[in-house]
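Below, each value reflects all heavy atoms present in this structure, side chains not excepted, and no hydrogens, waters or symmetry copies. Note that the structure is predicted; figures quoted are calculated from it, not measured.
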Amino acid sequence: MPPARADTPASDPSSPSSSASSEPPAFDRPGIAFSTGTLPRGGFAWEQGLPDFQRDRSGGVRSTGYSADTNLRLGLTDTLELQLATSPYNYQRQSGGGDTALALKLALPSSNDKFSWAVLGSATVATGDRDFSDGRDHYALGATVAYDFDDATSGSLYLNVERSGGADAWTFSPSLSRAFSARWGGYLEAGWTRTAHAPDTGVAGAGVTFMATPTIQLDASLDAGLNDAAPDWQGGVGVSLFFR
């Protein structure tokens, strides 16, 4: 199961962050994409699934997997951050740890206050237990572009390419987010992945975020599979914490 990510700030999944603002920057969960915001220099964020899950029925057999997806983020500069992602605990009939990914995220310059974009490059090392790793290293490069239609509504597009074992997988995801209040936000998303020598998969769903404090975000999300190759359901609940 891929880690849950989202282009979500405190209560709006696609807005850029401002290092000069007292508000927390954009968190990268929940959802498919990552945010266009980066942490300020010296800022630290811990994003944790409590848990994330994936459920599927294939060949008359129903299976549900759970994962404690963890993403640790450190601001190196106001536009560049280092990320360490893993899933220290997974369960699907057996339990064990997942692979570990190291990533760099860069917020790109923009002359338009309503437009923001960022790129993220990552390398995933096959450190996980046999039941939760394919034994191969993965390399990925992704980009998110976002546009604020007004103070409460924004949209984003996410594109990612991942290479592993000589095969490429392309993921495309549009999303639309809305801040309902200073604390509550929500989004709609869809995602499509094309992998060489494998069936395409499509999902669509929604999520909500709640700012319990100015630096603690709670989230819940749920995506449904759009074809037989996709998981029937995936999503989860989680918490994100920002430390300046």
Keeping K114 on the side-chain end and D150 on the backbone end, is there a donor-acceptor pair under 3.5 Å? no
With sequence neighbours excluded, what pairs up with D223 under the side chain to side chain donor-acceptor pair (under 3.5 Å) test? none
Quick check against the 3.5 Å criterion: does E81 have a side-chain atom that pairs as donor or acceptor with the backbone of L74? no
Are R41 and T77 close enough, and set up right, to give a side chain to side chain donor-acceptor pair (under 3.5 Å), and what steps lead you there? CA-CA 4 Å; R41 181 179 180 181; T77 72; over 6 Å; no
Would the distance check show the side chain of D78 and the main-chain N or O of P40 forming a donor-acceptor pair, the cut-off being under 3.5 Å? no
Closest heavy-atom pair, A220 versus V237, reported as atoms and distance to 0.1 Å, is CB-CG1, 4.0 Å
Look only at the side chain of N90 and the backbone of G96, and say whether a donor-acceptor pair between them is shorter than 3.5 Å. yes
Is there any salt bridge (Lys or Arg N to Asp or Glu O under 4.0 Å) pair reaching into residues 155-170, and which pairs are they, with sequence neighbours excluded? R163-D168
For Q83, which of L104, L102, L72, L120 qualifies under side chain to side chain contact (heavy atoms under 4.5 Å, CB included)? L120
Can you tell me how far the CZ atom of F242 sits from the CZ atom of F27, to the nearest 0.5 Å? 7.5 Å
Should E189 and S156 be marked as a side chain to side chain contact (heavy atoms under 4.5 Å, CB included) after you check the CA-CA gap, both sets of side-chain angles, and the distance that decides it? CA-CA 9 Å; E189 69 176 4; S156 73; over 6 Å; no
Please assess S154 against S177 for the test side chain to side chain donor-acceptor pair (under 3.5 Å), listing each intermediate value before the final yes or no. CA-CA 5 Å; S154 60; S177 60; 2.7 Å; yes
Side chain to side chain donor-acceptor pair (under 3.5 Å) filter on D99, not counting sequence neighbours, yields S133
Where at least one partner belongs to residues 194-221, residue pairs that pass salt bridge (Lys or Arg N to Asp or Glu O under 4.0 Å), sequence neighbours excluded: R29-D219, R194-D200
According to side chain to side chain contact (heavy atoms under 4.5 Å, CB included), who are the partners of A206, at least two apart in sequence or on a separate chain? L188
Working for side chain to side chain contact (heavy atoms under 4.5 Å, CB included), residues D28 and R73: CA-CA 10 Å; D28 279 355; R73 302 166 58 192; 3.8 Å; yes
Side chains of T70 and T86: do they bring a donor and an acceptor to under 3.5 Å? no
Is the backbone N or O of A230 less than 3.5 Å from a side-chain atom of N227, with the two atoms forming a donor-acceptor pair by type? yes
Student check: side-chain heavy atoms of F132 and S67 closer than 4.5 Å: no
Would you say F149 and L157 are hydrophobically clustered, going by side-chain heavy atoms of ILVMFWY under 4.5 Å? yes
Can a side-chain donor-acceptor contact be found between T171 and T193 if the only test is distance below 3.5 angstrom? yes
Counting N and O atoms only, with roles assigned by atom type, does the side chain of D56 sit under 3.5 Å from a partner on the main chain of S63, one being a donor and the other an acceptor? no
List for me each residue that meets ring-ring contact (aromatic ring centres under 6.0 Å, His included) alongside Y91, sequence neighbours excluded, and say none if there are none. none
Short question: side chain of W117, backbone of P109 - any donor-acceptor pair under 3.5 Å? yes
Under the rule for side chain to side chain donor-acceptor pair (under 3.5 Å), what residues qualify as partners of W46, not counting sequence neighbours? Q48
Identify, with sequence neighbours excluded, every residue that meets side chain to side chain contact (heavy atoms under 4.5 Å, CB included) alongside P199. A229
State which residues pass side chain to side chain contact (heavy atoms under 4.5 Å, CB included) with D131; sequence neighbours excluded, sorted by chain then number. Q94
Before giving the answer on ring pair (Phe, Tyr, Trp, His ring centres under 6.0 Å), spell out for Y158 and F172 the whole-Å C-alpha distance, their side-chain angles and the decisive distance to 0.1 Å. CA-CA 6 Å; Y158 165 75; F172 173 74; 8.8 Å; no
Evaluate I32 against V203 for side chain to side chain contact (heavy atoms under 4.5 Å, CB included), listing each step before the verdict. CA-CA 10 Å; I32 298 172; V203 299; 4.0 Å; yes
Could I get the full list of side chain to side chain contact (heavy atoms under 4.5 Å, CB included) partners for T127, not counting sequence neighbours? T100, V125
Once side chain to side chain donor-acceptor pair (under 3.5 Å) is applied, do any residues pair with R55, and if so which ones, sequence neighbours excluded? none
Check the pair T209, W184 against side chain to side chain contact (heavy atoms under 4.5 Å, CB included), reporting the backbone distance first and the verdict last. CA-CA 6 Å; T209 59; W184 285 97; over 6 Å; no
Please determine, by modelled atom types, if R178 and T153 share a side-chain donor-acceptor pair under 3.5 angstrom. yes
